[in-house]
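Heads up, the thing below is written out as structure tokens.
Quick note: numbers below take in every heavy atom, side chains included, and nothing from hydrogens, waters or symmetry partners. Per chain, numbering begins at 1; letters A, B, ... match sequence-line order.
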Amino acid sequence: MLNLKEIRKDVDFFKKKLSLRFVNNSDSLIEELLNNDEKLRKCLEEQQELQNRRNSISKDLSIEKDRSVENFKKLSKEVSDIKSEISLLENNILKFQEIINNILFSLPNIPADDVPVSKDDTGNKEVRNSGSVKIFDFKPLSHEVLARQLDLIDFETAVNISGSRFVILKKDLAKLERALINFMIDVHTSENGYSEYNVPILVNEKSMFGTGQLPKFKEEQFQTNNNLWLIPTSEVSLTNMVADKIVKYEDLPLRFVACTPCFRLEAGAAGKDTQGIMRQHQFSKVELVSIIQPEFRIKELDRLLNCAEKILNLLKLPYRVMLLSSGDMGFSAEKTYDLEVWIPSQNKYREISSCSSCSTFQSNRMKARYKTIDNKNELLATLNGSGLAIGRTIIAILENYQNKNGSITIPDVLQKYMSKKLIDNI
RNA sequence: GGAGAGGUGGCUGAGCGGUUGAAAGCACUGGUCUUGAAAACCAGCAGUGGGGCAACUCACUCGUGGGUUCAAAUCCCACCCUCUCCGCCA
């Protein structure tokens, strides 16, 4: 969340920046925020003064109790009057605090300076392009058709045991998923400097709040009846590893990688991507998280992006890098690059990774801090990016590596993980 | 599931109604000593928020939330979490 103190210091800056994110009534929300903040502080001042008096009388009482019964009674009466005044103020304080929180929790991060301004994805900018896409001398089939032909996928049974937007991968396709996970994590740990973690995929409400999924995006999340939440991305677990901590300066940066199943309700996506495994309630994703001093965050974002890109390059999949516009970015992000992979059957690029800097937006919610060189506690910057989404990588491989006879060539770098070079009918 | 124990500052750990926001140790920072370092010694060192240009000052915080009391880390209640033993089990 945004830092209230900073908003106080430069209201116009925040109004301007928030307007770039097309938040409804952002100007009046900020006004309301500051208005209540001022009232809150006034009450706080009064309350603290009363508390001060209460405390000092209390101290006197500890002396008077052995001296004068009369004085003791008089002071006791005084202190109980003060107490009722305090509790009156406290009600107001809670009221103002709630208004402030409601606004503060709902405001998105402000965009970085070089983020293109646009209401939606039409304003996204292509940063670079990996080169030409493959030209087929036959009509490329969709991953769904290919996988069905090879008897490597079963939607019907998955629907029967779970419902729509679930899938069962079979045999070589199940193995391909496992191979991709191992391949990606191996690259990130041995070449990209990330440490591997195996993290919980059920998390508490505090963690979901910390990374920004709650309270605003409750309807997109799966919740258990024990007050736990299924993570929509391992960013939640990984980033929250520094929640409530004060990290030593010399321990930074922290770089984490994990692969977990991710769960998304896809409530707002009815009718979208209903064919194949493009949009599932459950999918695996390799996630990269960097925790770093805020001043290095943009450099770290470029690094993170490169780490994710490396996977696509190694798999020799055609892709492009998009810089997302202010209106298309996620709630917690200040700047986001999407990696989009070429999908032959759709004749377009589709998102396969999203790399974001969240500046101090999440750390402010999580109370994730570090000790500066001069021994001060400051908020950390958090970054995350997919490296990559496994389901969509499977789609990309099936479609881009398909042969005329319906077989699938296995990318060079995966052959040792698959112990074969070709997936075919036999 | 049954029976116990416990949650205190970056860490370890004392305190169990009244200058205790908290002893002691470790870690850390500064200083003395030293050619330099180590050791030793001296000093400093929790967080959040309010007020103030600042020095500083005030409030709140000893798992969380309530309660008792003039006064709570300390007593009571609820909840959360951790640990040990037994049972069950991947």
**Request:** Pick the P atom in B:rC45 and in B:rA38, then give their distance to the nearest Å.
**Result:** 23 Å
**Prompt:** Where do A:K316 and A:D412 land on the side chain to side chain contact (heavy atoms under 4.5 Å, CB included) test, with the steps shown first?
**Reply:** CA-CA 9 Å; A:K316 300 197 174 98; A:D412 293 343; 3.4 Å; yes
**Message:** Give me the distance, rounded to whole Å, that separates B:rG65 from B:rA73 when you measure between the P atoms they each carry.
**Reply:** 13 Å
**Request:** Go through the structure and list residues passing side chain to side chain donor-acceptor pair (under 3.5 Å) with A:D186, not counting sequence neighbours.
**Result:** A:Y417
**Inter-nucleotide P distance (B:rG30, B:rG67), Å rounded** = 46 Å
**Message:** With a cut-off of less than 4.0 Å, is there a side-chain N or O of A:K42 near OP1 or OP2 of B:rG51?
**Reply:** no
**Item:** Integer-rounded Å distance: B:rG50 C1' and A:Q97 CD
**Value:** 13 Å
**Request:** Searching all strands shown, indicate the nucleotide that pairs with B:rA3 (Watson-Crick or G-U wobble; both distances under 3.5 Å).
**Result:** B:rU84
**Prompt:** To the nearest angstrom, how far is A:N227 atom CG from B:rC80 atom P?
**Reply:** 10 Å
**Prompt:** Can you tell me if A:D10 uses its side chain to pair, donor with acceptor, with the backbone of A:F13 under 3.5 Å?
**Reply:** yes
**Item:** Most 5' of A:E45 and A:S58 on RNA chain B, judged by nearest nucleotide
**Value:** A:E45
**Message:** If you compare all heavy atoms of A:N109 against all heavy atoms of A:R21, which two are closest, and at what distance to 0.1 Å?
**Reply:** O-CD, 2.9 Å
**Message:** For B:rU74, give the paired nucleotide (Watson-Crick: N1-N3 plus N6-O4 or O6-N4; G-U: N1-O2 and O6-N3; both under 3.5 Å), or none.
**Reply:** none
**Item:** Distance-only side-chain donor-acceptor flag, A:T372 / A:E378, under 3.5 Å
**Value:** no
**Prompt:** On a whole-Å scale, what distance lies between the P atoms belonging to B:rG2 and B:rU68?
**Reply:** 32 Å
**Message:** Between A:I103 and A:L107, does the side chain to side chain contact (heavy atoms under 4.5 Å, CB included) criterion hold? Intermediate values first, please.
**Reply:** CA-CA 6 Å; A:I103 297 171; A:L107 293 174; 4.0 Å; yes
**Atom-to-atom span, OH of A:Y249 to C1' of B:rU29 - whole angstrom** = 17 Å
N/O to N/O distances under 3.5 Å, protein versus nucleotides 44-48 of chain B:
| unit_1 | atom_1 | unit_2 | atom_2 | d |
| --- | --- | --- | --- | --- |
| B:rG47 | OP1 | A:N377 | ND2 | 3.0 |
| B:rG47 | O3' | A:R369 | NH1 | 2.9 |
| B:rU48 | OP1 | A:R369 | NH1 | 2.9 |

**Request:** For A:S106 and A:F331, work out which heavy atoms get closest and say how close.
**Result:** O-CE1, 3.4 Å
**Message:** Under a 3.5 Å cutoff, is there a donor and acceptor pairing between the side chains of A:S353 and A:Y337?
**Reply:** no
**Asked** Can you check the A:E38 CD to B:rG50 C1' distance for me, whole Å?
**Response** 14 Å
**Message:** Can you confirm whether A:F166 sits close enough to A:V159 that some side-chain heavy atom of one is under 4.5 Å from a side-chain heavy atom of the other?
**Reply:** no
**Asked** In whole Å, what is the span from the CG atom of A:L44 to the C1' atom of B:rG51?
**Response** 10 Å
**Prompt:** Ring centroid separation for A:F209 and A:F105, is it under 6.0 angstrom?
**Reply:** yes
**Message:** Applying the Watson-Crick and G-U wobble criteria at under 3.5 Å, what pairs with B:rG9? Answer none if nothing qualifies.
**Reply:** none
**Request:** Could you pull out all residues at least two apart from A:K216 that satisfy side chain to side chain donor-acceptor pair (under 3.5 Å)?
**Result:** none
**Item:** Nucleotide paired to B:rA46 in any strand shown, Watson-Crick or G-U, under 3.5 Å
**Value:** B:rU61
**Complete:** In Watson-Crick or G-U wobble terms, with both distances under 3.5 Å, the base opposite B:rA23 is none
**Item:** Gap in Å between the two C1' atoms, one belonging to B:rG49 and one to B:rC85, rounded
**Value:** 45 Å
**Item:** Contact list for residues 221-267 of chain A, test ring pair (Phe, Tyr, Trp, His ring centres under 6.0 Å), sequence neighbours left out
**Value:** A:Y197-A:F256, A:F222-A:H281
**Asked** Does A:T239 reach the side chain of A:M366, with side-chain heavy atoms less than 4.5 Å apart?
**Response** yes
**Prompt:** Quick one: is B:rG51 close enough that its OP1 or OP2 comes under 4.0 Å of any side-chain N or O from A:R41?
**Reply:** yes
**Fill in**
Any strand, both distances under 3.5 Å, Watson-Crick or G-U wobble: B:rC41 pairs with B:rG31
**Prompt:** What integer number of Å spans the C1' atoms of B:rG10 and B:rC28?
**Reply:** 9 Å
Filtered N/O pairs between nucleotides 7-9 of chain B and protein, under 3.5 Å:
none

**Item:** Pairwise P distance for B:rG44 and B:rG6, with rounding to whole Å
**Value:** 35 Å
**Prompt:** For B:rA90, what is the paired nucleotide under Watson-Crick or G-U wobble rules, both distances under 3.5 Å?
**Reply:** none
**Item:** Partner nucleotide, any strand, of B:rU69 [Watson-Crick/G-U, under 3.5 Å]
**Value:** none
**Spacing between A:L89 atom CG and B:rG50 atom P, to the nearest angstrom** = 17 Å
**Request:** Rounded to the nearest angstrom, tell me the gap between atom CD1 in A:I57 and atom P in B:rU69.
**Result:** 17 Å
**Message:** Could you tell me if the side chain of A:I110 sits less than 4.5 Å from the side chain of A:F14, heavy atoms only?
**Reply:** yes
**Asked** If the C1' atom of B:rG66 is compared with that of B:rC11, how far apart are they to the nearest Å?
**Response** 31 Å
**Request:** Starting from C1' on B:rA27, measure out to CD on A:E250 and report it in whole angstrom.
**Result:** 11 Å
**Message:** Walk along nucleotides 53-64 of chain B from 5' to 3' and tag each nucleotide B, S or - by protein heavy-atom contact under 4.0 Å, base first, then sugar-phosphate.
**Reply:** -----BSS----
